Amino acid sequence: MTSIIDPNTIGKPVRPRRHVRTLTGYLPEVDASGKEKWPKGEEKVWKSGMRSLDNNVNSITKSFVNHVQTSLARQPYNLDDLGAYQAAALSVRDNLLVNWNETQLQYTRKAPKRAYYLSLEFLMGRTLDNALLNLGLKDEYKTSVKSLGFSIEDILDKERDAALGNGGLGRLAACYLDSSASQELPVWGYGLRYKYGIFQQLISPEGNQLEAPDPWLEHQNPWELPRLDVTYGVRFYGHADRLDDGSGRAIWAGGQEVLAVAYDVMIPGYGTKTTNNLRLWESKSKRGFDLNSFNAGNYEKAVESSNSASAITSVLYPNDHTLVTLNMFGKELRLKQQYFWTAASLADILRRFKNMGKPLTELPDFVAIQLNDTHPTLAIPELMRILIDEEDLTWNAAWKIVTNTFFYTNHTVLPEALEKWAVPLVEHVLPRHMQIIYDIVILIYLFLAVEKKFPGDRDRLARMSLIEEGQPKQVRMAHLACIGSRKVNGVAELHSDLVRTTILKDFVEFEGFSKFGNVTNGITPRRWLDQCNPELSALISKTLKLQKGIWLKDLYKLEGLLKFTENKTFRREWAAIKQRNKERLAHHVLTTLGLTVNTNAMFDVQIKRLHEYKRQTLNILGVIHRYLTLKKMTPAERKKVNSRVVFFAGKAAPAYYIAKLTIRLIVNVARIINDDPETKDYLTLYFLPDYSVSLAEILIPASDISQHISTAGTEASGTSNMKFCLNGGLLLGTVDGANIEIAEEVGESNVFFFGHLTPAVEDLRYQHLYHPIPIEENCPALAHVLNQVSAGLFGDGGVYEPLLNTIRQGDYYLLSDDFDSYIEALAMVDDAYRDRDEWIKKSIRTTAKACMGKFSSDRAINEYAESYWNIEATPINGNK
Ligand code: 26V
């Protein structure tokens with residue numbers, strides 16, 4: 001293929017920089033020595049932080065009406081809730097913009113070291129409520145819209161979730177952005193602006209999950225700023241020719257060139273002026289459509305390149321099994337997504353760095369790049385390519401810069417979830433990067449280090465290699481991320497230990513223990529307490545006699561609640577709030593599904609992606625066991641039973657058959673149980689469709705007990721466990737992930753643990769495989785439940801056979817080994833709940849202790865800032 005593209009434009013801003021000037025009479029003139037000369041009166045305004053909008057109720061109302069008439073071009077006497085939401089959002093956005101501008105200006109001037117969080121997923125949820133709370137303007141807006149005849153709750157409810165993520169990994173990224181801005185840390189996020197977020201989940205009458213697209217950008221999105229002038233070219237395919245001048249350089253040319261366009265999302269800190277940036281890239285064709293084909297009457301061909309370019313950011317991939325089973329076309333597109341995003345982000349980061357006029361060898365002094373899982377690992381060979389091919393650095397100099405700039409967080413040790421890319425595919429899509437990866441293999445592994453440290457240890461070399469042998473050969477992204485980073489971490493103590501002793505063991509022996517750390521995940525208390533549970537937040541402030549602005553930024557203060565566990569009035573208020581949150585959830589179920597929920601029962605919640613390792617199946621089989629037990633009881637016996645309502649929510653990856661069958665079983669069990677007059681006062685069950693951040697905000701505050709019951713050693717951390725605790729919900733869980741650290745904080749008497757421990761898991765799996773015991777012997781109670789399902793108690797039993805067989809044969813996730821202790825743990829929960837007063841004390845202790853400071857994302861992000869990125873808080877002048 002001949003190149004019609006100038007290779008020199010790749011990675012460079014496509015449009016030349018414009019000539020910019022200062023608004024005269026408004027900002028200081030800076031003379032040659034850097035001295036500022038301010039226009040009269042302006043310096044005081046700027047430095048006192050007054051360069052913000054006037055935010056009394058009157059001016060808010062004016063700004064609201066103004067946006068209705070101008071930005072929205074609507075009549076003020078003809079406005080619906082959606083219009084009101086948009087006007088309110090635009091008016092709030094004005095505040096964010098002023099702060100955002102000031103923050104970016106000061107970052108440029110002060111030039112602190114910055115961190116960049118590269119994540120393929122940012123599960124932001126809704127923004128308006130969060131922005132109002134962070135800006136401290138909720139009351140003012142409430143009053144203002146009320147005076148205009150609207151209710152703030154209805155307006156907030158009109159916003160669609162920004163659902164650019166699958167689950168925990170994407171939500172963690174969102175919490176970290178909130179904490180970075182709240183801690184005044186110079187952190188930017190980089191991601192993709194998917195046209196469609198995670199699919200919408202519908203449930204068919206038979207109980208099957210159906211997927212529908214999530215056109216979240218259907219209406220104008222007030223929270224993003226299109227930066228149509230911030231664009232970079234990104235190349236795919238073509239050919240890479242090494243120069244034979246001994247420099248190691250190559251020229252990569254030809255192929256397809258796609259344009260990356262920036263969209264900025266403002267990230268306000270809580271109670272600070274700092275407003276950071278999340279930059280999302282959209283792909284589009286560089287040349288629009290092909291005029292020659294168009295003129296020749298071939299319209300399809302004319303738009304082909306435009307379609308293939310915009311396809312890159314069209315949809316977020318659901319993770320789990322679709323990634324494993326993707327066809328070649330899907331795999332190629334996902335690889336293109338990853339490269340498109342890392343290339344555009346790196347080009348942008350380097351442009352900003354270069355504007356400082358520093359040599360590239362100083363890049364690690366000013367830039368830290370965090371790789372959120374292996375998805376952005378191509379950034380490592382990409383930075384090598386830029387430094388060697390475009391900047392003329394030697395291999396060693398480039399490698400030194402790279403390995404001091406990147407940091408890698410691992411989020412799973414499940415072998416099937418570790419990313420690998422087929423070598424022929426990488427060679428085809430990114431020929432130059434494949435060369436660089438091979439160079440790393442040869443130089444680092446064979447000649448430089450591994451071979452010297454462990455001479456002749458061929459097995460070790462093969463285990464550690466970046467390339468896995470096989471048909472086809474595959475690039476192991478976790479190895480590349482590890483070898484190319486300065487530090488590596490897991491997301492909870494147990495998980496980080498597993499990373500060090502299993503998947504990256506050889507690397508620990510090679511590079512030393514100190515490169516491998518742990519940063520236990522955290523959650524933002526702003527969204528996950530103040531926003532989702534305003535009544536509890538108010539009670540805490542009243543009880544601690546502290547403004548919420550204080551304790552929401554120092555969650556360790558919650559320990560002060562401990563001494564109130566013995567205070568009856570406080571306990572009553574605490575319980576009343578939980579009750580109202582349960583009623584709020586019941587109201588939601590009534591209005592969305594038309595079903596009535598018994599709010600006098602204990603609320604038991606399991607909400608997370610559907611996956612065999614998370615064991616929703618264990619939960620539903622436990623529910624069936626309870627149902628069968630209730631059926632055997634006399635009415636008098638039943639009266640003594642603790643009433644329980646079980647909630648499930650979560651999406652299954654579209655190609656994950658077994659997970660979808662689990663949903664079907666849950667829905668059909670619910671249908672039978674909820675209708676059974678003998679038992680329905682004691683046990684009911686709901687599957688709430690289309691799980692989202694906003695749904696979690698309703699479910700979590702209403703929970704008495706929540707389930708985190710993964711097979712030990714499989715859940716890296718979990719973060720919803722922390723959210724439940726913060727809202728006074730108790731945990732039922734396995735000794736896995738962050739459950740362990742939560743129990744350490746609160747004391748084991750406030751957490752209900754069950755199941756085998758991590759070290760036993762491998763042996764049990766071995767036993768299942770080589771010395772299987774029939775399930776009737778291993779766990780008769782479970783065998784009985786399975787037989788009832790097979791016999792058709794919940795509709796055609798045959799449908800569920802493939803699901804039941806995963807337990808009967810092999811039982812990889814050890815349901816039969818943990819079932820009995822699970823049922824025992826549930827009985828302990830019932831016992832504990834019977835003593836309601838003691839339960840409320842446990843609930844208070846859980847909020848106060850388990851989730852005091854440790855599980856705030858402020859703590860987590862500070863650990864990254866101090867021990868990893870080496871960045872410091874950069875207060876913005878005039879911070880509130
Ligand atoms: C991906 C796949 C893809 C192939 C099939 C199986 C499978 C299983 C899991 C995953 C997800 C991997 C990355 C991930 O989302 N990890 C989650 O990260 C959260 C934030 O650190 C953490 O709390 C969760 O425990 C962890 O599962």
Side-chain angles (χ1 to χ4, degrees), residues 117 119-123 164-177 179 198 316-326 330-331 334 370-377 408-421 477-478 481 488-496 498-499 503 518-524 528 606-616 650-660 696 708-725 733-734 736-742 758 812-813 855 857 860-861 863-864:
Y117 199 83
S119 180
L120 209 43
E121 303 186 9
F122 287 92
L123 195 43
L164 307 185
N166 276 279
L169 173 134
R171 185 53 232 176
L172 185 76
C175 284
Y176 282 176
L177 291 183
S179 280
I198 192 74
L316 163 77
Y317 279 101
N319 67 17
D320 295 5
H321 285 241
T322 32
L323 287 183
V324 183
T325 55
L326 273 184
K331 281 210 166 124
R334 167 99 178 177
Q370 182 66 41
L371 308 175
N372 196 26
D373 219 357
T374 51
H375 313 144
T377 302
Y408 159 53
T409 304
N410 171 283
H411 293 268
T412 181
V413 293
L414 296 186
E416 72 270 31
L418 296 177
E419 270 197 310
K420 287 173 200 161
W421 288 107
M477 301 312 270
V488 176
N489 73 286
V491 290
E493 292 287 355
L494 172 69
H495 168 65
S496 298
L498 289 171
V499 168
I503 56 170
N518 170 62
V519 181
T520 299
N521 285 342
I523 56 165
T524 169
W528 297 111
Q606 188 181 18
I607 45 174
K608 43 189 88 231
R609 280 179 307 121
L610 263 288
H611 196 288
E612 284 163 284
Y613 87 80
K614 296 183 188 275
R615 300 201 294 190
Q616 281 93 350
K651 294 177 181 175
Y656 194 174
Y657 177 60
I658 294 295
K660 287 180 137 179
H708 309 271
I709 56 179
S710 48
T711 313
T714 61
E715 186 69 274
S717 162
T719 41
S720 76
N721 41 10
M722 304 166 188
K723 294 166 196 164
F724 283 103
C725 286
T734 43
D736 200 17
N739 292 353
I740 302 171
E741 287 155 78
I742 292 175
T758 304
Y812 190 74
Y813 293 103
F855 303 105
S857 45
I861 211 71
E863 274 180 30
Y864 280 107

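Ligands are counted one by one from 1 in listed order, and the atoms in each one are counted from 1 as well. Keep in mind that what you see is a predicted model, and the values were worked out from it rather than measured. Quick note: residue numbers are just sequence positions, from 1.
Ring centroid separation for the pair Tyr864 and Tyr176 comes in under the 6.0 Å cut-off.
Taking a cut-off of under 4.0 Å to the non-hydrogen atoms of Glu416, the atoms of ligand 1 that pass are 4 (C), 5 (C), 6 (C). Of all atoms in ligand 1, numbered sequentially from 1 with element shown, those under 4.0 Å from a heavy atom of Ala716 are 25 (O). Under a 4.0 Å criterion applied to the non-hydrogen atoms of His611, ligand 1 contributes the atoms 6 (C), 8 (C). Taking every heavy atom of Asp373 and a limit of under 4.0 angstrom, the matching atoms of ligand 1 come to 13 (C). Applying the 4.0 Å criterion to heavy atoms of Ser717 picks out, from ligand 1, the atoms 23 (O), 25 (O). Under a 4.0 Å criterion applied to the non-hydrogen atoms of Tyr613, ligand 1 contributes the atoms 27 (O). Proximity to Thr412 (heavy-atom distance under 4.0 Å) selects the following atoms of ligand 1: 12 (C).
Taking the six-membered ring for Trp and thresholds of 30 and 60 degrees, His708 and Phe724 have ring planes more than 60 degrees apart, a perpendicular arrangement.
Taking the side-chain hydrogen bond (donor to acceptor under 3.5 Å, both in side chains) definition, one finds that Thr412 meets it with nothing, sequence neighbours left out. Judged as a side-chain contact (heavy atoms from CB on, under 4.5 Å), and not counting sequence neighbours, the contacts of Leu123 are Ala163, Arg171, Val693.
Here the shortest heavy-atom distance to atom 24 (C) of ligand 1, taken over Glu715, His411, Glu612, belongs to Glu715. In this structure, of Gly167, Ala492, Ala417, the residue bringing a heavy atom nearest to atom 8 (C) of ligand 1 is Ala417.
The CG atom of Leu371 sits 10.0 Å away from atom CE of Met477, with the distance rounded to the nearest 0.5 Å.
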